[in-house]
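Taking it in order: structure first as structure tokens, then the write-up.
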Amino acid sequence: MSEKTVSLSRRRFLGGMLTSAAAGMIGPSLITGKAFAAETKAADLTGVTHWGAFRARVVDGKLTEVKPFEKDIFPSDMLMGIRDDLYSPARVRYPMVRLDWLKKRHNSDTTQRGDNRFVRVSWDQALDFFYEELERVQKTYGPAGLYAGHTGWKANGVYHNCIAAMQRAVGLHGTFVKKVGDYSTGAAQVILPRVVGSTEVYAQQTSWPLVMKNAKNIVFWGSDPIKNLQAGWSTPAHDVYGYYKQLKDMVGAGKIRAISIDPVVSDTQAYLGCEQISVNPQTDVPMMLGMAHTMYTEELYDEDFVYDYCEGFDKFVPYLTGESDGQPKTAEWASKICGVSADTIKSLARTCAKERTQFIGGWCVQRMHHGEQWAWMLVVLSAMTGQVGLPGGGFGFGWHYNGAGVPTRNYVKVPGFTGSAPNGKPKYNGDFGKFSKTIPVARFVDSMLEPGKTIDFNGRKVTLPAIKMAIFTGCNPFHHHQDRNRMIQGWQKLETAIAIDHHWTATCRFADIVLPATTSYERNDIDGFGNHSRRGILANRKIVEPLFEARNDIEIFADLCKRFGQEKTFTEGRNEMEWLEHLYTQAQKGAKDKGIKMPSFAEFWGGEGYFEFDKASEKLWVRHEAFRKEPELEALGTPSGLIEIYSEEIAKLGYEDCPAHPTWMEPVERSHGGAGSKKFPLHMQSCHPKDRIHSQLSGAKGLRESYEVAGREPVYMSPADAKARGIKNGDVVRVFNDRGQVLAGAVVSDRYKDGVIRIFEGAWYNPAEGGKIGTLCKNGDPNVLTRDLRSSKLAQATTAHTALVQVEKYTGPALKVTAFDGPEMVKA
Ligand SMILES: Nc1nc2c(c(=O)[nH]1)N[C@H]1C(S)=C(S)[C@@H](COP(=O)(O)OP(=O)(O)OC[C@H]3O[C@@H](n4cnc5c(=O)[nH]c(N)nc54)[C@H](O)[C@@H]3O)O[C@H]1N2
Ligand SMILES: Nc1nc2c(c(=O)[nH]1)N[C@H]1C(S)=C(S)[C@@H](COP(=O)(O)OP(=O)(O)OC[C@H]3O[C@@H](n4cnc5c(=O)[nH]c(N)nc54)[C@H](O)[C@@H]3O)O[C@H]1N2
Ligand SMILES: [Mo]
């Protein structure tokens, strides 16, 4: 991360040679006003995105230039993608219906889904089809036949919430199957409430000034904040990078020790210039057990803390010592599995126990088979240091997200458009019969393939509903879900699939009805600026008029509601500007009670469109401090009120894949000598992309050119792995396993451990033969290769990062990437 300007051409240059030579250049290389020729003018409009706020210049109704919002001094390179994203050839232009569905409606040949042949229809026709399908499904199957519960990274902005709009409208028509949980933290958010009484993952963390003052060590355990803090749920202000800059100086000056435990040199490690412990993938639990064993046998652990603040340490010890299973969890034992020397494990254990150590856990490591165990064990390890609730000590799981650690200001939130209408009653409120109303999100394809199957889920039984119709908006399941070929089989069971998006994603290609939505650049809205920091409130101005026939999601769904007489209930009688005023004014009322003086809506919107909360109101804060100070008054929300090292409740569930204390269980497949590694020796990470937010911005040409290799998604691998396969930088390679095969462009980098490769999630699925199961994906979608398996019966979370593959140089016919070309428009 440097504050000097990095032009797109330079980035392109570096992107092409991301080898050891360029390894020093990492992090959100920060852009400044370079892309913007002239000074900011008052007329330059503000816009909000998940990757930051910007100013836009419009000439003759066209967006010509984008510049970071001046309050963001650490803007993300992703802003460079905005213009190309808006004008991308992948934009959905018109309402479209899949050819065979148009002919045969719900009796269509579903094996043709994905062949990308679509017919243009009018808005009225498309919405009539939509409405008629809702009627048919409710009457034929009842609510269990309709899945409208999926979510994703829809554009931010409090009003134009496309998921809320869809669910409000569809919900006014009839009830439907919903989901619980998410792909981000599916395992951690279920286990941690049972261990520490809160989900932890999305929480604010101890203020950085206190961490830097008190911590001697910071352990980044599978966490890459420098890369991941670029994105936020509301518009990120990026001030958090100011603290990382300070941290870098402190690390450089030897005032603080930072250690990254990661099989890959993360952007954070490279930026901080800190130490790395290169653990084998999926083997963090043995490493942690080895550390715990050292702390225990060397009597370094905080005995008072584990007995006063924790429950069940005595039940965990026999497992640690091997009394219960014959295997002492020594550092030597751990070393053989995790590939870290016993000395390193012991020395780290001693350091963490003796000196103030802040554990920072990411989320990737819980997106694995038995992912619950790692999250649980990080808490146990931290509890053994006795530092939970001390500044610069303890554990946290959300440091790489939403600018955590930047102190929160005295603020009010602007409320948003909600997913259910205040006075709405569904026209159809049928019986779900034997089926469950909610499903764990990562099991939604199971629901298509195995309807009626009963599964365990966090102490409940869930009977998977027989989904016949599914609606997707603000999410892209054909990038985000695992095991693409299995997923296509599931999709073939659907009678009708509807997608509403502004980009022609693979989800659109696999839908029957596709509706064009506007981007946030084509509508007015308001959003928070800064997430945990709550720095301010910012206007999102309509930059250009909607392109082609795109409509705002709220207008689309108001129009759908008109078809069953619920338009007024849906809109509550307000238009866009009336809504914005209404939502803003509610915040303003709340502000009064908190002693905050906010301008009126007219002043806000008519003026600068930015209001900042008082920086002087920032409060320094220590996570878990209240519990530490008053364990009885501030008891944790666990059955014992304490940190549960052993959980009686989990014991009662009797799940073989989630025992009552943290336990090492071999994942179903694992590299470095684990199951399946003889056939497919490489562990494939599918981490979150540095230059995108998931699949979004993929179609933005300039940004894409800064990282693509041989015209496709890159795959990163170590020099030794490349050499052994005769692969060079820039080669097109085939990555494959028994689940599927993809083409990607090789990037050889010594930041990768041998046996570990990476393809960022979000690569657009681009089948050589659309709809054909097992076909080659031309654009490196990693989810062609991942496994669709639960983490355990407890969380039923995704295990995207339990995936082994092989790589070879591709010698087949040249295949051009066509993912971003939109549909093949045909005549009916
Ligand atoms: N292999 C693997 N898979 C993963 C992960 C992983 O680590 N590895 N990570 C998982 C995680 S944590 C997540 S959060 C998911 C992310 O998965 P998603 O949230 O599904 O990913 P996005 O690409 O952000 O998809 C958002 C879609 O909404 C559309 N959209 C945006 N704004 C609007 C709007 O205003 N209106 C409409 N109608 N549409 C809009 C965008 O164009 C885009 O197609 O991926 C998961 N999948
Ligand atoms: N730029 C950008 N930022 C984002 C997002 C994005 O799409 N783009 N998405 C946002 C969202 S929705 C989410 S959920 C978060 C995701 O947050 P995370 O899931 O935490 O992010 P990842 O980058 O996938 O993984 C973090 C680190 O885990 C390491 N890791 C992988 N496997 C192992 C292992 O076996 N052991 C250890 N010790 N480490 C391992 C990886 O090498 C990587 O450095 O990011 C958010 N931030
Ligand atoms: Mo996520």
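All ligand and atom numbering here is 1-based and tracks the order in the structure.
- At least one N/O-N/O distance between N783 and ligand 1 falls below 3.5 Å.
- Screening I757, L682, D754, V756 against S718 for a side chain to side chain contact (heavy atoms under 4.5 Å, CB included) leaves a single residue, D754.
- Which of A550, P689, S686, A165 comes nearest to atom 8 (N) of ligand 1 through a heavy atom is settled by distance: it is S686.
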Walk me through it: do W233 and Y202 pass the test ring-ring contact (aromatic ring centres under 6.0 Å, His included)? CA-CA 10 Å; W233 187 244; Y202 303 124; 9.0 Å; no
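- Every N/O-N/O distance between H481 and ligand 1 stays at or above 3.5 Å.
- Minimum interatomic distance between N737 and V805 (heavy atoms only, all atoms of both residues): ND2-CG1, 3.8 Å.
- For ligand 1, the polar-atom distance check against H688 finds a nitrogen or oxygen pair separated by under 3.5 Å.
- When each of L289, T283, V279 is tested with I337 by the rule side chain to side chain contact (heavy atoms under 4.5 Å, CB included), just one qualifies, namely T283.
- Of the listed residues (V201, N228, D262, V265), the one carrying the non-hydrogen atom nearest atom 21 (O) of ligand 2 is N228.
- In this structure, H160 does not count as a contact residue of ligand 1, since none of its heavy atoms falls inside 4.0 Å of the ligand.
- For T473, every heavy-atom contact with ligand 1 shorter than 4.0 Å involves the side chain, none the backbone.
- Of the inter-residue distances, the one linking L229 atom CG with N402 atom CG reads 8.5 Å to the nearest 0.5 angstrom.
- In terms of polar-atom proximity, D284 is counted as a contact of ligand 2, with an N or O under 3.5 Å from an N or O of the ligand.
- Considering backbone and side-chain N/O atoms, G152 never comes within less than 3.5 Å of an N/O atom of ligand 1.
- Of the polar atoms of P263, none of the N or O atoms is found under 3.5 Å from an N or O of ligand 2, judged by distance alone.
- G762 does not count as a contact of ligand 1, since none of its heavy atoms falls under 4.0 Å from the ligand.
- Side-chain rings of W504 and F548 stay apart, their centers remaining 6.0 Å or farther from each other.
- For a threshold of 3.5 Å applied to N or O pairs, the pair formed by W153 and ligand 1 contains at least one separation below that value.
- Within ligand 2, counting atoms from 1 as listed, the ones closer than 4.0 Å to a heavy atom of V365 are 36 (N), 37 (C), 39 (N), 40 (C).
- Within the listing of ligand 2, atoms 1 (N) sit less than 4.0 angstrom from a heavy atom of K690.
- Contacts between A155 and ligand 1, counted as non-hydrogen atom pairs separated by less than 4.0 Å, involve both the backbone and the side chain.
- Residues H150 and H480 bring their aromatic ring centres within 6.0 Å.
- At a heavy-atom distance under 4.0 Å, only side-chain atoms of D553, from C-beta outward, approach ligand 1.
- If you number the atoms of ligand 2 from 1 as listed, the ones under 4.0 Å from a heavy atom of G362 come out as 20 (O).
- Residue T505 touches ligand 1 through its side chain alone, judged by heavy-atom distances below 4.0 Å.
- When all heavy atoms are compared, the tightest approach of G232 to N531 is CA-ND2, 3.9 Å.
- If you look at Y159 and W579, their ring centroids are closer than 6.0 Å.
- Close to ligand 1: Q482, with a non-hydrogen atom less than 4.0 angstrom away.
- Residue contact check: M78 has heavy atoms under 4.0 Å from atoms 1 (N) of ligand 2.
- Residue contacts with ligand 2: N280 is placed with no nitrogen or oxygen under 3.5 Å of a nitrogen or oxygen of the ligand (distance criterion only).
- Cation-pi geometry between R168 and F417 is met: the NZ or CZ atom falls under 6.0 Å from the ring centre, inside 45° of the normal.
- Those atoms of ligand 2 with a heavy atom of S184 less than 4.0 angstrom away are 14 (S).
- Between T283 and ligand 2, a contact under 3.5 Å exists for no N or O pair.
- Side-chain contact check for H502 versus E522: every heavy-atom pair is 4.5 Å or farther apart.
- The aromatic ring centres of W363 and Y401 sit less than 6.0 Å apart.
- Among R367, R670, M368, Q696, the residue whose heavy atom lies nearest to atom 19 (O) of ligand 2 is R367.
- Contacts between R523 and ligand 1 below 4.0 angstrom, taking non-hydrogen atoms only, involve the side chain exclusively.
- Listed by number with element, the atoms of ligand 2 under 4.0 Å from a non-hydrogen atom of W221 are 38 (N).
- Heavy-atom contacts of D224 reach the following atoms of ligand 2: 44 (O) (cutoff under 4.0 Å).
- In summary, the atoms of ligand 2 found under 4.0 Å from a heavy atom of R758, numbered by their order in the structure, are 41 (C), 42 (O), 43 (C), 44 (O).
- Ring to ring, W399 and Y244 are not that close: their centroids are 6.0 angstrom or more apart.
- Contacts with ligand 2 closer than 4.0 Å are made by heavy atoms of both the backbone and the side chain of I693.
- In terms of polar-atom proximity, defined here as any N/O pair under 3.5 Å, K154 makes no such contact with ligand 1.
- The option with the heavy atom closest to atom 22 (P) of ligand 1, from among H801, H694, R91, E522, is H694.
- Of the candidates H50, H502, H479, H480, the one placing a heavy atom closest to atom 33 (C) of ligand 1 is H502.
- Interface of A800 with ligand 1, defined as ligand atoms under 4.0 Å from a residue heavy atom, comprises 1 (N), 2 (C), 8 (N).
- For R484 and Y765, the positive end sits near the middle of the six-membered ring, less than 6.0 Å away and at most 45° from its axis.
- With a 4.0 Å heavy-atom cut-off, ligand 2 is reached by the side chain of Q685 but not by its N, CA, C or O.
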